Engineer: 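My structure is below; once you've seen it, I'll send some questions.
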Amino acid sequence: MSTISLTMPDGAKRVVAAGTTGLDVAKAISPSLAKRTVAMTLDGALCDLSEPIAADAAIKFIARTDPEALELIRHDAAHVCAEAVQQLWPGTQVTIGPVIENGFFYDFAKAEPFQPEDLAKIEKRMAEIIAKNASFTKQVWSRDKAKDYFRAKGEAFKVELVDAIPAGEDVKIYAQGEWLDLCRGPHMTSTGSIGKAYKLTRFSGSYWRGDAKGAQLQRIYGVAFAKEEELAAHLKQQEEAEKRDHRKLGREMDFFHFQEEGPGVVFWHALGWTTFQLLISYMRRRLAEDYQEVQGPQLLDKSLWETSGHWGWYSDNMFAVKSATAFNNPDDDAAEQRVFALKPMNCPGHVQIFKHGLKSYRDLPLRLAEFGCVHRYEASGALHGLMRVRGFTQDDAHVFCTEEQLESECLKINDLMMSVYEDFGFKEVVVKLATRPEKRVGTDAMWDHAEDILRKVLVKMAAESGGRIKTGINEGEGTFYGPKFEYTLRDAIGREWQCGTTQVDFNLPERFGAFYIAADSSKKQPVMVHRAICGSLERFFGILLENCAGHLPLWLAPRQVVVATIVSDADAYALQVVKQLKAAGLRAVVDLRNEKINYKVREHSEAKVPIMLVVGRREAEDGKVAMRRLGSQDNVVMGLSEAIAGLRDEAVPPDLRRVYVS
RNA sequence: GCUGCAGUAGCUCAGUGGUAGAGCACUUCAUUGGUAAUGAAGAGGUCGGGGGUUCAAUCCCCCCCUGCAGCACCA
């Protein structure tokens, strides 16, 4: 019999007979090792412990508390969840149940919808299955046997999955006690290793193979961890995310509201609008050096959108309008029946501006920026507070340049992006290159060319960032007209938000026949780069609000200071204080109400006003203020002018601070 | 758009086949108080909209709208 050599994590070698299982090896080393081992890795790849080892390999035994075991715990939990559901509702078909971030889901085909109370029932049944601690055993079946078996059980989806397994690949079945499932594995040794740190979190609809035209399935989501403390920490973080929900904060802070008549469009209140405008002012300052700000029309004839390709590609998601006269008299030819589209993007407008008047190569790169309000008819189920709306403002720009300028323009945009994100407090940024999608316009040669340039740029950006930028590739995620960079930020509680985008477009200039006069007097087509830094300003506002849990930095707080009196004798002084704060450019209001200071402190704290200046008789007499910062229990008494100077300095936006300092 | 759940006062929520209730917020009065709710009184709702069943619907049924959680989508 041949032998093989296994290398242990500490480098020690062990020679065993070929075909020895991982479990045998572990047992030979020590019974306690065998007992606590749930799986192994061979050359880094996770395997069943019962797997016969065929060749030399580096072996590592995995305990359930090892990081490698986490995906097994989650995957095993998904199987147990499926068994529990089939026990409780016989006739339910199983489909797939993969591991996802923090847990797993399992999709079922079941006639009756799950009800909220079902989650607890399933959890209970799962606990019973886990308590039985049945072994996971792998079997390899023939394709025909698997298909016959699942067909006989009425598992049509599993039959389809068996069919989809490439010829020559094993059809693997994992059994846990009486129950079995088609699965590529691996699994832990038995269900008991799943432990107790799991919880079913919700259920929802889903589609077979993720296709909206496919069968409607029902999905159960669960989270699972090795330790109960980790589960508790995860649930706590979910709670934290709920607390900073921008929809809740927006209402509490009187920033904005939505109402039935305007699904997906924002009613901005005075305070929210103040901060929104501060965002725009900031972006304007950042653009001043290199960009020209323009404003394209809100409505343009349908034909223009046909030319741009948007109508063909996205008319399902566009608003089209006619005059009300035409709308009320659809059969009356005398009423102008012309159809306009509410702009879903600014780019066609910018191309028109570019085309107006002959452009020379000397004009390039021409960078046109716009805080354009666009409308998109988003699916009703997609709407979500400020994060997904039907009318929103983009910090949009289009750079018209020569092909030679493309690389430097992308790098320049990247510098601006990174600087802006830093100013808003986002340190970690991931930039991914999204490549050609299946449905697209333009030749393969054009795509090859554009992607080549961006690949090079991506490497350079990462190299020049000093580690701040991590990169990746999103295959097939580009837009229909060109490849793009996607900028993703990580927020204070670890969530990721895709915000910025740089998109290369050889298509639109061609469709609109845009050209410039080159140095040799020939007509040349410019390359167009679409870019947005915040993306949707509404959404970015929501992200900022959630990132800081409503505690906006002083420069973005709509109401920076409240001057609150303790007694009415201090009213005149308080008014003086506010007057001086305003004169110093601070956004301040006074609270003279006949309320106790406790009441005022509580109310303004809940409204998340960053600074409260409390004044009573003592302060009025001494020309002082008692400063209380949001989130602090203490107050500091200081001279009025000192307070104002300090606040004025603190309220300087980060970009202006750089200018003053340098 | 799809699946499920929900819609009662500005907010958070209770409630019933016989046309509604709490707390906070609001208004008024008293109170001038030292850093997260002073007390009292008052006002406030065609119970999301439209149909139907019923002697009677906020409650039961149907349709629609809107929202929530996912899915799908995101130029």
Side-chain angles (χ1 to χ4, degrees), chain A residues 105 107 110 112-116 118 201-221 245 247-248 251-252 254 257-264 305 308-318 343-348 374 376-385 387-389 394 437 439 477-482 484 498 501 503 505 507-508 530 532 535-536 539 564-571 593-607 612-619 626-637:
Chain A
F105 67 73
D107 281 350
K110 173 169 172 286
E112 293 299 311
F114 286 113
Q115 296 300 316
D118 292 343
T201 49
R202 56 180 167 249
F203 57 91
S204 79
S206 65
Y207 299 105
W208 173 238
R209 295 186 185 281
D211 178 358
K213 294 190 191 77
Q216 178 83 46
L217 305 174
Q218 296 187 63
R219 179 171 296 179
I220 301 276
Y221 281 94
D245 187 319
R247 291 166 299 186
K248 185 165 170 278
R251 191 170 47 238
E252 289 169 359
D254 195 16
H257 84 268
F258 293 90
Q259 65 187 48
E260 286 199 9
E261 293 84 349
W305 301 103
S308 72
H310 290 97
W311 192 267
W313 237 267
Y314 290 107
S315 59
D316 284 353
N317 300 299
M318 286 168 67
K343 71 172 172 183
M345 291 197 80
N346 302 302
C347 36
V374 296
R376 299 178 182 178
Y377 183 69
E378 302 285 3
S380 57
L383 301 178
H384 181 92
M387 302 303 190
R388 195 77 180 272
V389 285
Q394 288 179 316
K439 280 183 72 185
E477 297 290 316
T479 70
F480 74 90
Y481 49 72
K484 63 175 175 181
Q498 202 226 298
T501 174
Q503 311 176 349
D505 185 355
N507 177 56
L508 212 53
H530 309 238
S536 154
R539 178 168 172 271
T565 51
I566 293 172
V567 292
S568 53
D569 286 351
D571 285 2
R593 289 177 305 173
N594 177 13
E595 296 292 351
K596 292 192 170 179
I597 194 61
N598 285 308
Y599 182 92
K600 295 183 184 182
V601 164
R602 177 183 160 85
E603 195 174 276
H604 299 303
S605 297
E606 285 191 338
M612 238 179 292
L613 296 182
V614 175
V615 295
R617 280 200 195 87
R618 294 203 297 266
E619 287 77 10
M627 185 186 293
R628 179 186 169 118
R629 284 176 182 272
L630 180 60
S632 158
Q633 302 296 320
D634 311 319
N635 65 85
V636 182
V637 177

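Since we're looking at a predicted model, the values are computed, not measured. Just so it is clear: chains get the letters A, B, ... in the order the sequence lines come, proteins before strands, and each one is counted from 1.
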Engineer: In whole Å, measure the gap between the C1' atoms of B:A22 and B:C29 for me.
Structural biologist: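 Those two atoms are separated by 24 Å.
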Engineer: Would you measure the distance from the C1' atom in B:A57 across to the matching atom in B:A72 and give it in whole Å?
Structural biologist: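 38 Å, rounded to whole Å.
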Engineer: For the residue pair A:W313 and A:F480, categorise the inter-ring angle as parallel (less than 30°), tilted (30 to 60°) or perpendicular (more than 60°).
Structural biologist: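 Plane angle under 30°, so parallel.
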Engineer: In whole Å, what separates the C1' atom of B:A56 from that of B:A69?
Structural biologist: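 B:A56 and B:A69 have their C1' atoms separated by 38 Å.
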Engineer: Confirm from the modelled atom types if A:R209 and B:A72 form a donor-acceptor pair under 3.5 Å, side chain to base only.
Structural biologist: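 Such a pair does not exist between side chain and base.
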Engineer: Test your reading of the model: is there a side-chain donor-acceptor pair from A:Q218 to the backbone of A:E112, 3.5 Å cut-off?
Structural biologist: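 Answer holds: yes.
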Engineer: Answer yes or no: is there a side-chain heavy-atom contact under 4.5 Å between A:D505 and A:H530?
Structural biologist: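 The answer is yes; the side chains approach within 4.5 Å.
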Engineer: Determine whether any donor atom in the side chain of A:E619 lies under 3.5 Å from an acceptor atom in the base of B:G34, or the reverse, and answer yes or no.
Structural biologist: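 Answer is yes: a donor-acceptor pair is held.
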Engineer: When the C1' atoms of B:G50 and B:U58 are compared, how many Å lie between them, rounded to an integer?
Structural biologist: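 The same atom, C1', in both gives a distance of 15 Å.
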Engineer: Which part of the nucleic acid, if any, lies within contact of A:T479, taking any heavy atom under 4.0 Å across all strands shown: a base, the sugar-phosphate backbone alone, or nothing?
Structural biologist: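 Sugar-phosphate, no base atom in range.
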Engineer: Flag the pair A:R593 and A:E603 as a salt bridge only when some basic side-chain nitrogen lies within less than 4.0 angstrom of an acidic carboxylate oxygen.
Structural biologist: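 Result for this pair is yes, salt bridge flagged.
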Engineer: Distance check, rounded to the nearest 0.5 Å: A:N635 atom CG versus A:M627 atom CE?
Structural biologist: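 Between atom CG of A:N635 and atom CE of A:M627 there are 10.5 Å.
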Engineer: I'd like to check, for A:Y599, whether its ring lies over the base of B:A37 with centroids under 5.5 Å apart and a plane angle smaller than 30°.
Structural biologist: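 No.
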Engineer: Whole-Å distance between B:C74 P and A:Q394 CD?
Structural biologist: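 The answer, rounded to whole Å, is 16 Å.
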Engineer: Quick one: label A:E261 by what it contacts on the DNA or RNA (base, sugar-phosphate, nothing), any heavy atom closer than 4.0 Å.
Structural biologist: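 No contact.
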Engineer: B:A36, B:G34, B:U32: which one has an atom nearest the side-chain heavy atoms of A:V567?
Structural biologist: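 Of all the options, the side chain of A:V567 is nearest to B:U32.
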Engineer: Take atom CZ of A:R602 and atom C1' of B:U38, then tell me their distance rounded to the nearest Å.
Structural biologist: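 Rounded to whole Å, this separation is 14 Å.
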Engineer: Enter the distance from A:W208:CH2 to A:D107:CG here, rounded to the nearest 0.5 Å.
Structural biologist: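 Result: 9.0 Å between the selected atoms.
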Engineer: Between A:Y481 and A:Q259, which residue's closest nucleotide on RNA chain B lies nearer the 5′ terminus?
Structural biologist: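 That would be A:Q259.
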Engineer: Take atom CD of A:Q498 and atom C1' of B:A75, then tell me their distance rounded to the nearest Å.
Structural biologist: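 Those two atoms, CD and C1', are 12 Å apart.
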Engineer: Which sits closer to the 5' end of RNA chain B, A:S605 or A:F258, going by the nucleotide each is nearest to?
Structural biologist: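 By nearest-heavy-atom nucleotide position, the 5'-most residue is A:S605.
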Engineer: Counting distance only, does the side-chain N/O of A:R247 pair as donor-acceptor with the main-chain N or O of A:R251 below 3.5 Å?
Structural biologist: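 Such a contact is absent between A:R247 side chain and A:R251 backbone.
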Engineer: What does A:P344 touch in the nucleic acid at a heavy-atom separation under 4.0 angstrom: a base, only the sugar-phosphate, or nothing?
Structural biologist: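 If one applies the 4.0 Å heavy-atom cut-off, A:P344 turns out to touch a base.
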Engineer: Using a heavy-atom cut-off of under 4.0 Å over every strand shown, decide if A:A626 touches base, sugar-phosphate, or nothing.
Structural biologist: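 Base, at least one base heavy atom under 4.0 Å.
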Engineer: If we take the P atom in both B:U46 and B:G52, what is their distance in whole Å?
Structural biologist: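 That atom pair is separated by 22 Å.
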Engineer: Please report the distance, rounded to the nearest Å, between CG in A:L217 and P in B:U3.
Structural biologist: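 Those two atoms, CG and P, are 13 Å apart.
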Engineer: Select one nucleotide: of B:G34, B:U32, B:C73, the one nearest the side-chain heavy atoms of A:E378.
Structural biologist: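 From the listed options, B:C73 comes nearest.
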Engineer: Could you give the distance from OG (A:S605) to CZ (A:R629), rounded to the nearest 0.5 Å?
Structural biologist: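 If I round to the nearest 0.5 Å, the distance is 13.5 Å.
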Engineer: Would you say the side chain of A:R376 and the base of B:C73 hold a donor-acceptor pair, judged only by whether the two atoms sit under 3.5 Å apart?
Structural biologist: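 Absent.
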Engineer: In whole Å, what is the span from the CD1 atom of A:I566 to the C1' atom of B:A36?
Structural biologist: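 Nearest whole value for this atom pair: 14 Å.
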Engineer: A side-chain contact here means heavy atoms from C-beta on lying under 4.5 Å apart; do A:H310 and A:C347 qualify?
Structural biologist: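 A side-chain contact exists here, since the closest heavy-atom pair is under 4.5 Å.
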Engineer: I want to check something: taking the side chain as every heavy atom from C-beta on, are A:S206 and A:F105 in contact at a cut-off of under 4.5 Å?
Structural biologist: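 No, every pair of side-chain atoms sits at 4.5 Å or beyond.
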Engineer: Please confirm whether the shortest side-chain N or O distance from A:Q633 to OP1 or OP2 of B:A36 is below 4.0 Å.
Structural biologist: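 Looking at the OP1 and OP2 atoms of B:A36, one of them is under 4.0 Å from a side-chain N or O of A:Q633.
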Engineer: For nucleotides 69-71 of chain B, print each protein N/O atom paired with a nucleotide N/O atom at under 3.5 Å, atom names and distance only.
Structural biologist:
unit_1: B:A69; atom_1: OP1; unit_2: A:R247; atom_2: NH2; d: 2.9
unit_1: B:A69; atom_1: OP2; unit_2: A:R247; atom_2: NH1; d: 3.4
unit_1: B:A69; atom_1: OP2; unit_2: A:H384; atom_2: ND1; d: 3.3
unit_1: B:G70; atom_1: O3'; unit_2: A:Y221; atom_2: OH; d: 3.0
unit_1: B:G70; atom_1: O2'; unit_2: A:S204; atom_2: OG; d: 2.4
unit_1: B:G70; atom_1: O2'; unit_2: A:Y221; atom_2: OH; d: 3.1
unit_1: B:C71; atom_1: O4'; unit_2: A:G205; atom_2: O; d: 3.1
unit_1: B:C71; atom_1: O2'; unit_2: A:Y207; atom_2: N; d: 3.4
unit_1: B:C71; atom_1: N4; unit_2: A:G381; atom_2: O; d: 3.4

Engineer: Between A:R376 (side chain) and A:P344 (backbone), is there a donor-acceptor pair under 3.5 Å?
Structural biologist: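 Pair found, side chain donor or acceptor close to backbone of A:P344.
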Engineer: Work out which heavy atom in A:R628 is nearest to a heavy atom in A:D634; give both atom names and the distance.
Structural biologist: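 Taking A:R628 first and A:D634 second, the nearest heavy atoms are CG-O, 3.7 Å.
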Engineer: Would you write out the dot-bracket form of RNA chain B, 5' to 3', with Watson-Crick and G-U pairs under 3.5 Å, [ ] for crossing pairs, | for pairs to other strands and . for unpaired bases?
Structural biologist: (((((((..((((....[..)))).(((((.......))))).....(((((..]....))))))))))))....
Engineer: Using atom CZ of A:F105 as one end and atom C1' of B:U3 as the other, report the distance to the nearest whole Å.
Structural biologist: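 That distance rounds to 15 Å.
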Engineer: Mind checking A:N317 for me? I need base, sugar-phosphate or nothing, with any heavy atom below 4.0 Å counting as a touch.
Structural biologist: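 Base contact.
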Engineer: Using the P atom as the reference point in each nucleotide, state the distance between B:U16 and B:C73 in Å, no decimals.
Structural biologist: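 Nearest-Å result for B:U16 against B:C73 at atom P: 43 Å.
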Engineer: Can you tell me the distance, in whole Å, between the CZ atom of A:R593 and the C1' atom of B:A36?
Structural biologist: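 To the nearest whole Å, that distance equals 13 Å.
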Engineer: Any idea which of B:U32, B:U35, B:A75 is nearest the A:M318 side chain?
Structural biologist: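 The listed nucleotide nearest to A:M318's side chain is B:A75.
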Engineer: Within the 4.0 Å heavy-atom criterion, would you say A:N598 contacts the bases, only the backbone, or no part of the nucleic acid?
Structural biologist: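 It contacts sugar-phosphate atoms only.
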Engineer: Ignoring hydrogens and geometry, is there a side-chain-to-backbone donor-acceptor pair from A:K600 to A:T565 under 3.5 Å?
Structural biologist: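 Side chain of A:K600 to backbone of A:T565: a pair is present.
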Engineer: Are A:V374 and A:N346 packed together at the side-chain level, in the sense that at least one heavy-atom pair is separated by less than 4.5 angstrom?
Structural biologist: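 Yes, at least one pair of side-chain atoms sits under 4.5 Å.
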Engineer: Can you check the distance between B:C71 and B:U12, where both ends of the measurement are the P atom (answer in whole Å)?
Structural biologist: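 Looking at atom P only, B:C71 and B:U12 are 25 Å apart.
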Engineer: Give the rounded distance in Å between these two atoms: CZ of A:R388 and C1' of B:A72.
Structural biologist: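 One finds 10 Å between C1' of B:A72 and CZ of A:R388, rounded.
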Engineer: Please tell me if A:Q115 has a side-chain N or O lying less than 4.0 Å from either OP1 or OP2 of B:G4.
Structural biologist: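 Checking A:Q115 against B:G4: no side-chain N or O falls below 4.0 Å of OP1 or OP2.
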Engineer: Taking the side chain as every heavy atom from C-beta outward, state whether A:Y481 and A:Q503 have any atom pair closer than 4.5 Å.
Structural biologist: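 SC-SC contact between A:Y481 and A:Q503 confirmed.
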Engineer: Taking the C1' atom of each, how far is B:G39 from B:C60, in whole Å?
Structural biologist: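 B:G39 and B:C60 have their C1' atoms separated by 46 Å.
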Engineer: Can you name the atoms? Protein N/O to nucleotides 7-11 of chain B N/O, anything below 3.5 Å, with the distance.
Structural biologist:
unit_1: B:G7; atom_1: N2; unit_2: A:E260; atom_2: OE2; d: 3.4

